[in-house]
Amino acid sequence: MDEYVVHIVDDEEAVRRSLAFLLATAGFIVRVHESATSFLAAAPGIGKACLVTDLRMPDMSGVELLEKLNQIEAAVPVVVITGDGDIPMAVAAMRAGASDFIEKPFEDDVLIEAIKRAARLLDPNAEIVNDVPAMRSRLDRLSAREREVLSAVIAGLSNKAIADDLNISSRTVEVHRANVMFKMQASSLPELVRIAMALELADKGKPADPG
């Protein structure tokens, strides 16, 4: 763990202190920043590092921070922390390059494991494997209705909103959502989003169909 530094960006001092204590206790080297702006000021010289950032901050959102990091070509894996109503923003953050997102409230080990996954991206020799054929096979097992529910869940819609859009009951949405999680072998919403993002990236990388 001493090969990289974990930077924490959050505008709430209590949150910064709590996360810093947790990660330092777990053996990480930690630095804290009170705003995205202060982190960006230090970004060009931070070296080997991972970033943990909240999505909603007054000076700059987590998505905007990721976009700025992309502009300066800073190779910093990012884990974003999100509230229940921030799923569309969290998905946008992953599209902007975040390696993971975590929903509040979360268990300590969930954050620690997310940071470890992100840190693997720092090793140029590490092979990040996504078993796309297996994921696509699981996707193909979804019914048409389950695919609709999957798309809506990834878009951040609530069960009630999905029910209204599809003209079905909230209970039926819950059943479809549980089936989607089971069939896609996703233990959490962030994992389901990661799978969806991996499939989307794989589709973008496909050669054009000559026909």
Side-chain angles (χ1 to χ4, degrees), residues 1 4-24 26 28-43 46 48-122 128 130 153-158 181 186-201:
M1 288 186 186
Y4 59 92
V5 177
V6 179
H7 292 260
I8 298 168
V9 176
D10 198 292
D11 60 299
E12 296 185 28
E13 183 178 1
V15 174
R16 294 196 302 272
R17 287 185 176 181
S18 175
L19 291 178
F21 178 79
L22 164 65
L23 297 181
F28 294 97
I29 301 171
V30 182
R31 301 288 182 270
V32 296
H33 307 265
E34 64 183 9
S35 68
T37 302
S38 63
F39 173 76
L40 283 172
I46 62 172
K48 204 170 185 180
C50 291
L51 170 62
V52 176
T53 181
D54 197 3
L55 265 184
R56 293 190 179 276
M57 296 179 288
D59 69 324
M60 185 184 303
S61 73
V63 175
E64 291 171 328
L65 174 55
L66 275 157
E67 291 170 347
K68 293 287 186 183
L69 290 173
N70 290 336
Q71 289 172 12
I72 64 174
E73 298 182 347
V76 181
V78 181
V79 176
V80 296
I81 299 175
T82 175
D84 291 337
D86 294 339
I87 301 306
M89 283 183 67
V91 173
M94 293 191 75
R95 293 184 191 281
S99 66
D100 213 335
F101 76 88
I102 300 174
E103 288 184 279
K104 300 174 184 176
F106 52 82
E107 299 293 331
D108 295 351
D109 61 338
V110 172
L111 176 59
I112 291 169
E113 289 305 312
I115 293 171
K116 289 179 178 178
R117 282 195 299 270
R120 295 189 194 114
L121 300 172
L122 294 169
I128 308 301
N130 281 319
V153 169
I154 297 302
L157 297 182
S158 66
M181 298 290 286
S187 60
S188 64
L189 179 57
E191 185 174 358
L192 186 64
V193 172
R194 282 196 297 273
I195 293 170
M197 293 293 100
L199 287 170
E200 181 178 306
L201 289 173

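None of these values were measured; they are calculated from a predicted model. When a residue number appears, it is its place in the shown sequence, counting from 1.
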(message) Strictly distance-based, threshold 3.5 Å: is any side-chain N or O of T82 a donor or acceptor partner for the main-chain N or O of E103?
(response) no
(request) Verify, without hydrogens or angle tests, whether D59 (side chain) and T37 (backbone) share a donor-acceptor contact under 3.5 angstrom. (result) yes
(request) Determine whether more than 12 heavy atoms belonging to other residues, nucleotides or ligands lie under 6.0 Å from atom CZ of F21. (result) no
(request) Output yes when a side-chain donor or acceptor of E191 lies under 3.5 Å from a complementary backbone atom of S187, and no otherwise. (result) yes
(request) Side-chain contact test, heavy atoms from C-beta onward, threshold under 4.5 Å: evaluate it for M60 versus L40 and give yes or no. (result) yes
(message) I'd like to know if the side chain of S38 pairs up with that of E34 as donor and acceptor (distance under 3.5 Å, no hydrogens or angles considered).
(response) no
(request) For residues K104 and D54, determine if any side-chain heavy atom of one lies less than 4.5 Å from a side-chain heavy atom of the other. (result) yes
(request) Determine the minimum heavy-atom distance between I72 and A43, stating which atoms define it. (result) CD1-CB, 4.1 Å
(request) Could you pull out the closest heavy-atom pair between A49 and P77, with the gap in Å? (result) O-CD, 3.3 Å
(request) Taking the side chain as every heavy atom from C-beta outward, state whether V153 and V193 have any pair of such atoms under 4.5 Å apart. (result) no
(request) Would you check if D10 and I81 make a side-chain contact, meaning some heavy-atom pair closer than 4.5 Å? (result) no
(request) Could you tell me whether the side chain of L23 reaches within less than 4.5 Å of the side chain of L111, counting heavy atoms only? (result) yes
(message) So does A96 get a backbone contact from the side chain of N70, meaning a donor-acceptor N/O pair under 3.5 Å?
(response) yes
